[in-house]
Amino acid sequence: MLLSKTSEIISTECYCLVLASFYFRMYPTSCDTFVALPPSTEGQRIVFGKNSDRPCDEVQEVVYFPAKDHEPEEKVQCTYIEIEQVAQTHAVVLSRPAWLWGAEMGANEHQVCIGNEAVWGKESVDGEEALLGMDLVRLALERADTAERAVDVITDLLEKHGQGGNCMEDECGLTYHNSFLISDRTEAWVLETAGKYWAAERVEAGYRNISNEYSIETKIDREHPELRTYAEKQRWWNGKTEFNFATVYSYSNTARIEAANGRRCEGRKLLQKSQGHIKAETMMEILRDKESGINMEGLFMTTGSMVSVVPKDQNLPGVHFFTATPDPERSVFKPFIFVVDIKQLKHTCSPCFGEEDPVKKKPRFQSKPNRKHPLFLKHEGAAAIIDSGGVKGERIVEKMRVLEKQKLTEMEKYLTKGIEDATLLVHLFTDTVDEEISIYSNA
């Protein structure tokens with residue numbers, strides 16, 4: 001009995017070591033976020049996109065939360081810690097790992113879009129439970145009505161609560177700092193953090209993308225008041241040469257930095273290739289690109305994708321497309337538009353386990369429940385058919401592309417002329433998911 005128990009412990013420890021080693025090697029190759037602004041886009045529109053690259057067995061759900069008024073002194077329970085709630089939160093649509101409170105990416109009713117990236121540097125990563133970067137994405141979307149205000153929300157929360165905690169649904173653990181790409185109807189911001197320290201860069205035209213490395217160099221539009229003095233104290237910067245955030249705060253060993261930089265460069269090339277003509281379809285093609293590594297495969301893969309098109313004209317709606325399924329190459333981007341009376345997106349909402357969820361019970365992550373939502377289950381079967389090759393798989397993909405193209409065409413009407421009857425859009429996302437499920441059910 002003792003031998004059996006010891007073997008079990010050793011087996012678990014070995015598994016964790018192997019898994020942790022694997023994730024360490026994979027750090028530089030997860031997630032890419034993009035934004036394009038006029039004159040790089042087609043028309044007076046902002047186009048935002050992100051691939052969320054996560055463990056291949058992790059389910060990503062797409063969920064909606066309406067705007068809400070809150071009581072004075074009310075608290076909000078994030079993934080690990082409880083913080084003060086604000087008086088009012090905005091309506092949000094989120095794509096998130098189903099086990100946590102925050103989000104990998106999403107948008108709010110004011111057309112603010114945010115995606116985050118894991119980054120590592122000279123500043124040590126805190127394993128203590130605090131706010132996850134993904135919590136900060138959701139908190140900023142719920143509390144900010146502009147991109148710059150989202151920068152304020154995130155940096156204020158960092159100063160007060162810090163960032164840290166396991167970012168993976170497994171007791172082996174994965175921790176990192178965070179960078180964010182944030183956009184609204186008029187501009188975008190890149191916000192990169194190292195513990196509580198941060199630098200931010202405003203983007204007013206053209207295009208920008210981020211991966212798993214610090215990318216803000218000498219163009220720093222806002223920063224933590226102690227960003228430079230802290231670097232001097234750590235002897236990362238001599239206080240005399242021009243301050244380059246990425247150079248000062250990145251690892252001295254550049255092997256990992258070069259790996260992430262290569263993928264970011266490939267993403268920039270893909271954006272440049274369509275400069276002046278970037279639209280939703282362009283961003284979807286970029287997110288589907290496997291040769292560049294942007295669309296990841298394997299044990300660490302793209303588990304969810306998002307593309308948003310936001311007109312600069314305040315009278316026109318933004319359209320936010322989500323897959324809610326792994327691998328955008330074999331997924332459908334489905335449209336969502338903020339209107340009143342939207343209900344929870346039931347087909348892409350994972351089962352809820354309440355207080356019995358292993359994430360909430362300490363010690364955490366002692367088991368892993370089945371979090372597959374209805375669309376994920378149907379897509380899983382269809383993906384197996386597609387992967388096996390043959391005519392049947394080809395027909396499924398063809399029907400998926402027809403559905404997506406149809407929705408893109410329909411959405412162009414709203415992006416150009418606005419909304420005449422909002423009631424027609426209440427179930428837009430859910431109805432599109434129904435059509436997608438129908439394709440898989442009839443395969």
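This is a predicted model, so every value here is computed, not measured.
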Within-4.5 Å side-chain heavy-atom neighbours: Met283 and Phe34: yes
Classify the angle between the aromatic ring planes of Phe429 and Phe322 as parallel (below 30°), tilted (30 to 60°) or perpendicular (above 60°). perpendicular
Q | Trp101 and Tyr80 aromatic centres sub-6.0 Å | A | no
- Between Glu285 and Arg288, is there a side-chain N and carboxylate O pair less than 4.0 Å apart? no
Check your understanding: Would you call Asp32-Arg263 a salt bridge at under 4.0 Å N-O?
Key -> yes
| task | Inspect the contact between Asp57 and Arg371 and indicate whether a charged nitrogen and a carboxylate oxygen are less than 4.0 angstrom apart. | result | no
| Just by distance, with hydrogens left out, do Glu213 and Ser250 show a side-chain donor and acceptor under 3.5 Å apart? | no
| Strictly by modelled atom types, are Ser95 and Glu104 linked by a side-chain donor-acceptor pair under 3.5 Å? | no
| Exercise: do His110 and Asp184 side chains pair donor with acceptor under 3.5 Å | no
Closest non-hydrogen contact found for Ile210 with Arg264 is CA-CD, 4.1 Å
- prompt: Using 4.0 Å as the upper bound for N to carboxylate O, is an ion pair formed by Asp152 and Arg222?
  reply: yes
Minimal heavy-atom distance between Pro311 and Pro317, with the atoms involved, is CD-O, 3.2 Å
_Taking Asp313 first and then Arg185, would you say they form a salt bridge - that is, a charged N and a carboxylate O separated by under 4.0 Å?_
no
Should the pair Glu201-Arg208 be classified as a salt bridge under the 4.0 Å nitrogen-to-oxygen rule?
yes
Review point. Does a side-chain N-to-carboxylate-O contact under 4.0 Å join Arg401 and Glu394?
Key: no
Heavy-atom nearest pair, Ser331 first then Pro326, reads OG-O, 2.9 Å
Exercise. Report yes if some heavy atom in the side chain of Glu61 is under 4.5 Å from a heavy atom in the side chain of His373; otherwise report no.
Key: yes
How about Asn295 and Asp327: does a side-chain donor come under 3.5 Å of a side-chain acceptor?
-> yes
The complete set of side-chain hydrogen bond (donor to acceptor under 3.5 Å, both in side chains) pairs with one or both residues in residues 33-44, sequence neighbours excluded, reads Thr33-Glu117
Are Tyr197 and Leu158 side-chain neighbours, meaning at least one heavy-atom pair lies under 4.5 Å? no
Exercise for the section: Fit a plane to each ring of Tyr214 and Phe245, take the angle between them on a 0 to 90° scale, and name the class: parallel (under 30°), tilted (30 to 60°) or perpendicular (over 60°). Expected result: perpendicular
- Message: Do the side chains of Arg395 and Glu398 get close enough for a salt bridge, i.e. N-O under 4.0 angstrom?
- Response: no
When every non-hydrogen atom of Ser179 is compared with those of Ser211, the smallest separation belongs to OG-O, 4.1 Å
Fill in: Centroid separation Tyr64 to Phe336 less than 6.0 Å
yes
### Query
Is it the case that Thr89 and His70 place a side-chain donor and acceptor less than 3.5 Å from each other?
yes
- Message: Quick check against the 3.5 Å criterion: does Lys334 have a side-chain atom that pairs as donor or acceptor with the backbone of Thr323?
- Response: yes
For this session: Before accepting this row, confirm whether a basic side-chain N of the pair Glu297/Lys290 lies closer than 4.0 Å to the acidic partner's carboxylate O.
Result: yes
Which of Lys50, Met134, Arg96 passes side chain to side chain contact (heavy atoms under 4.5 Å, CB included) with Met105? Answer is Lys50
- Task: Before accepting this row, confirm whether a basic side-chain N of the pair Glu355/Lys361 lies closer than 4.0 Å to the acidic partner's carboxylate O.
- Result: no
| query | For the side chain of Glu192 and the backbone of Ala200, is there at least one donor-acceptor N/O pair under 3.5 Å apart? | reply | no
Note to self: Quick test of your reading of the model: are Arg202 and Glu187 salt-bridged, counting only N-O distances below 4.0 Å?
What the structure shows: yes
* **CD/Glu73: more than 12 non-hydrogen atoms of other groups inside 6.0 Å** => no
When every non-hydrogen atom of Gln77 is compared with those of Glu82, the smallest separation belongs to OE1-CB, 3.7 Å
